[in-house]
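Below: one structure, written as C-alpha cells.
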Amino acid sequence: MPDNQKPRLMQGNEAVAEGALAAGIGFYAGYPISPANEISSILSARLPRKGGIFLQMEDEIASIAAVIGASLGGARAATATSGPGFSLMQENIGYAVAAEIPCVVINVQRAGPSTGQPTSPSQGDVMQSRWGTHGDHPIIVLCPSSVIECYLITLRAFNLAEKYRIPVIILMDEVVGHLRERVELPPPEEVVARPKPTVPPEWYFPYDEAAGLVPPLVSFGEGYRYHVTGLYHDIAGFPTQREDEIEPWFERLFEKIEANREDIIQVDEEAMEDAEVALVAYGAPVRSARHALRLAREEGKAVGLIKLLTLWPFPEARIAKLGHQVKKIIVPEMNRGQMVLEVQRVVAGRRPVIGVNRVGGQMVSPYQILELLEA
Amino acid sequence: MEHKRAEEHHYLRTQKKFPTVWCPGCGIGIVLGGIIRAVADLRLDKDKVAMVSGIGCTGRMPVYVDFYGMHTTHGRALAYATGLKLARPELTVLVVMGDGDALAIGGNHFIHAARRNLDLTAIVVNNCVYGMTGGQYSPATPTSAIATTAPYGHIEQPFDIANLAVAAGASLVARTTVYHALEMERLIGRAIQKKGFSVVEILSNCHIHYGKMNRMSTAVEMLRWFRDKTVPIASLQKEQGAGKIGRGMLVDRELPEYYEAYQKLVQVAQKGA
C-alpha cells in the first residue's frame, strides 16, 4: 500500500491539498487568510517536489487572475481563500465563467459579513457562491461535510472544471476545514484530461456551439492561436455586439450545465426509506443533523437525512420529491437561512419547510434540530 | 522595405479585425506598429508569443495581432500573465496596458510584478488619461491639466511610471514616445529580449480627450509636444534638459529572474523529498 493510502489522521484542509495533488494540480496561487491557510502551506511544500508552481500573490485578485492565466496555459490550477478574499475574487470568477476557463476556487467560509470572525465557522457565502459575480451566469458549487469528502470533492472539482470549462467552487466551512478524522485515501483515479480538438488550427473555434455544448479548449502554446476576452464574443473569441452571435453563446453557457445536471449533482441519503421528517443539510450541519437523526431514531421517530454535496446547480429534482415523500422538512444552516429559501421554492408549499439557524460562530446543535421535530 | 512589410503583416490578424477601434490618429496604433516591427526583427515564431491586456483602449490590442491573445479584466493583465508565463515558460509574453489600467486599478500588480521579476515584457501606453470612458484623470495626468473629472485643473501629482518600475525592481526600464517611433521599436525589442521583468513606458497621444481639453486638439500638436517636452536621458542634466522628461534606457541590469529562481527551488525541494 502506498504511503499516502495508509489510514491516518487528517485535517479537512489537508485533505483538500491531497485531493488537489491527486487531481494533478500544476499551479496554485493564493494569499494568506484564515481559516484556509493550511492549504497554501501544504502546497508550498508539495507542489515544487512534483515540479508544479506554488505562488503567493500580492492579493486574492491577483491569485485568481494568475490561476486563470495558468489554466489557459494548460495547468490544472486552483486557489483557496475565505470570505473577504472570495469577495475580491468575484470579478475574475466571472471572467472564467464567460471565457470558459477551468479553475477551482476553495472558500473555507468564516463568519461574516466583513472581517467577521476569521476562525469561526459560518455558511454565510451560499448565495454569494451562486451569485457573487455580476451578470447572469451558471456556476458549479460543491460542499464537503467530512475529511474524506474534502478529498473526494476536490478531486471531483478539478474534473468537473475541465469537463465543463467552468470555475468550480468548493464551499467549505471552518469546522470541516479544521476537523481531523481518520481517513484512508482511495487509490488515485484517472483524471479527466482537457478534450483536444480534432480540427487543424485554422478551423478551430474555442466557442463554437457546432463543436458541442463544451467545445474543446486548447491551451495557449499548442499552436492554436485564438483570442480570449471577458467581452461578449463570437465563436472565435473576438468581441462582438451582434445579437445573433451572442445569443447562441449565452444559451450554450447555461445549457452545458443544465443538460448535465445528473452528472454534476451529488446528493446522499440516510434513512430516507420510511422517513416522515427529512433533514436537508450540507457542510458541518450534516454532522449535527446525523446526530439528531440517531437520537430521534432511538426514540422511534422516522427521521431521514438528505446530504447535499452539490449546492449549485441546486438538486431540484430530488428536493421537489420531498414534497410528496415526507410530512416535514428541516434545513439546518450556520447562517440566517439561505439554502432554506431554495428548498422552500422547490417544495412550493406542499409541505412545511423550517430552517434551523445559528450564527455567531457556533455549530448548529443536534438539540436545536430535535426541538423542531416536536413542533 | 516591401519585404519587411510582408514580414510585419505576417504577425497581424487578417480576418475582419481592421479597422481598429481606435480614433483616427491615435498613438496606440503607432505602438502596435512598433511592437510588430520589434517582433518581426527578432523573427519570433508567432506560435511562441502571447499578448495579454487589461481594459481600456490599449486593452483592445490583442485582437489585431496573430498571437495567443488574452484580453483580461481591468488592471489584472500582469497577474493573468504571471500565471500564463509560469505555466508556459517557453512563451514570450507581452503585456500591454494603459496608464489607468497599469497604475491605478493595477498599480499593486505592477509593483509586485517588478519586484518578483518574472520574465514578462510590460508595455505601458501612457496617454495621461482614461480614453475609453471619456477623458477622466488618471494616475499619470500632469498636475494642472484639465480632465473630464478635473474641470478646474488636476491637483494631484502624477506617477513617474518608469522610475516607479526602477524602484520596484524591474530588470529593464525604458521610456519613449510615439513621436520617437524608431527609438520605441528598438527599446521594445530590447525589452522583449531581456530576461526578467521589463517595462517600456510610451507617451502616447489621446488628442480626442486629453489633447482637446489641454489645447492640443490634433494628433500632430500632441506629437510636437512629445518632441519638445522630452530629451534623451543623457541630456537631462544639461541646459536643454531643464524641466524635460528623459527618454531612453533608464536601467538594464542583471537581477535574479523568478522562473530561474523557482527552478532552483524545485531542485532543492526534490532533493529533500
Side-chain angles (χ1 to χ4, degrees), chain A residues 26-29 44-77 79 91-92 94-96 98-99 101 103 201-202 218-231 233-234 236-239, chain B residues 13 15-17 21 46-53 55 59-60 62-91 93 105-106 108-109 111-113 115-116 118 258-259 262-263 265-273:
Chain A
F27 185 94
Y28 177 94
S44 73
R46 297 280 296 280
L47 261 176
R49 277 189 227 157
K50 48 172 267 182
I53 303 280
F54 169 89
L55 197 57
Q56 186 172 304
M57 294 297 283
E58 53 271 20
D59 57 29
E60 288 91 345
I61 302 173
S63 302
I64 179 73
V67 159
I68 298 167
S71 177
L72 207 47
R76 294 184 146 231
T79 182
E91 185 194 7
N92 288 297
Y95 182 89
I101 303 170
C103 59
E202 58 275 20
V218 191
S219 308
F220 275 22
E222 292 182 350
Y224 290 67
R225 296 182 309 277
Y226 60 95
H227 183 265
V228 172
T229 179
L231 287 166
H233 42 269
D234 61 19
F238 291 112
Chain B
R13 283 193 208 273
Q15 315 129 307
K16 80 168 189 177
K17 296 307 155 211
V21 295
K46 53 186 183 177
D47 279 335
K48 297 284 175 222
V49 183
M51 182 180 276
V52 184
S53 70
I55 295 295
R60 294 303 189 96
V63 163
Y64 308 110
V65 292
D66 196 9
F67 305 138
Y68 305 101
M70 203 193 317
H71 176 223
T72 71
T73 50
H74 198 20
R76 319 301 171 201
L78 283 168
Y80 277 85
T82 298
L84 176 63
K85 178 70 181 178
L86 287 167
R88 290 277 169 181
E90 73 276 16
L91 293 180
V93 180
I105 190 164
N108 199 29
H109 310 309
I111 54 174
H112 285 278
R115 176 183 64 80
R116 198 175 288 121
L118 181 65
Y258 183 85
Y259 188 68
Y262 194 89
Q263 291 307 102
L265 178 151
V266 165
Q267 284 173 5
V268 172
Q270 287 177 344
K271 215 176 280 175

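To find a chain, count down the sequence lines: A is the first, B the second, and so on, and within it residues start at 1.
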Item to check | Any B:Val63 side-chain heavy atom under 4.5 Å of A:His227 side chain | outcome: yes
Checklist entry - What option among A:Ala70, A:Ser71, A:Gly74, A:Pro201 has the most heavy-atom pairs under 4.5 Å with chain B? => result A:Ala70
Checklist outcome for this item: Correct closest heavy-atom pair for B:His71 and A:Tyr95 would be O-OH, 2.9 Å
Next on the checklist: Quick check on A:Phe220 against chain B: is it the side chain, the backbone, both or neither that has a heavy atom closer than 4.5 Å?
Outcome noted: both
Checklist outcome for this item: In short, A:Pro48 meets B:Ala269 closest at the heavy-atom pair CB-CB, 3.8 Å
Checklist outcome for this item: Ranking A:Gly94, A:Ala77, A:Gly52 by heavy-atom pairs under 4.5 Å to chain B gives rank one to A:Gly52
Checklist entry - Can B:Leu84 and A:Phe27 be said to form a side-chain contact (heavy atoms from CB on, under 4.5 Å), step by step? => result CA-CA 10 Å; B:Leu84 176 63; A:Phe27 185 94; over 6 Å; no
Item to check | Smallest separation among heavy atoms of B:Arg88 and A:Gly73, with atom names | outcome: NE-O, 2.6 Å
Checklist entry - What residue in B:Lys48, B:His109, B:Met70 has the most heavy-atom pairs under 4.5 Å with chain A? => result B:His109
Item to check | Atom group of B:Lys85 that falls short of 4.5 Å from chain A, counting heavy atoms | outcome: neither
Next on the checklist: Show the nearest heavy-atom pair for residues A:Ile53 and B:Tyr259, with the distance to one decimal.
Outcome noted: CD1-CE1, 4.1 Å
Checklist entry - Which bit of A:Pro239 is near chain B, if near means a heavy-atom gap under 4.5 Å: side chain, backbone, both or neither? => result side chain
Checklist entry - Run the side-chain hydrogen bond (donor to acceptor under 3.5 Å, both in side chains) check on A:Tyr224 and B:Asp47 step by step: do they pass? => result CA-CA 8 Å; A:Tyr224 290 67; B:Asp47 279 335; over 6 Å; no
Next on the checklist: Under a 3.5 Å distance rule, please check whether B:Tyr68 uses its side chain to pair with a backbone N or O of A:Gly223 as donor and acceptor.
Outcome noted: yes
Checklist entry - Between A:Arg225 and B:Asp66, is there a donor-acceptor pair closer than 3.5 Å when you use the side chain of the first and the backbone of the second? => result yes
Checklist outcome for this item: OG1 (A:Thr229) and CD1 (B:Ile55) are apart, to the nearest 0.5 Å, by 6.5 Å
Next on the checklist: Apply salt bridge (charged side-chain N to carboxylate O under 4.0 Å, His left out) to residues A:Glu58 and B:Arg116 and explain how you reach the verdict.
Outcome noted: CA-CA 10 Å; A:Glu58 53 271 20; B:Arg116 198 175 288 121; 2.6 Å; yes
Item to check | Between CG on residue B:Leu265 and CG on residue A:Leu47, distance to nearest 0.5 Å | outcome: 11.0 Å
Next on the checklist: Nearest 0.5 angstrom please: A:Leu231 CG to B:Arg60 CZ, how far?
Outcome noted: 5.0 Å
Checklist entry - Passes side-chain contact (heavy atoms from CB on, under 4.5 Å), A:Ile64 versus B:Tyr80? Steps please. => result CA-CA 8 Å; A:Ile64 179 73; B:Tyr80 277 85; over 6 Å; no
Next on the checklist: If I measure from the heavy atoms of chain B, does A:Ala62 come under 4.5 Å with its side chain, its backbone, both, or neither?
Outcome noted: both
Checklist entry - What part of B:Leu86 lies closer than 4.5 angstrom to a heavy atom of chain A: side chain, backbone, both or neither? => result both
Next on the checklist: For A:Phe54 together with B:Tyr262, are the ring centres under 6.0 Å from each other?
Outcome noted: no
Next on the checklist: I'd like to know whether A:Arg49 forms a side-chain contact (heavy atoms from CB on, under 4.5 Å) with B:Val266, so could you lay out the CA-CA distance, the side-chain angles of the two residues, the decisive distance to 0.1 Å, and finally the verdict.
Outcome noted: CA-CA 6 Å; A:Arg49 277 189 227 157; B:Val266 165; over 6 Å; no
Checklist entry - Hey, what do you get for CD1 (A:Ile61) to NE2 (B:His74), rounding to the nearest 0.5 Å? => result 12.0 Å
Next on the checklist: Show the nearest heavy-atom pair for residues B:Gln270 and A:Gly51, with the distance to one decimal.
Outcome noted: NE2-N, 3.7 Å
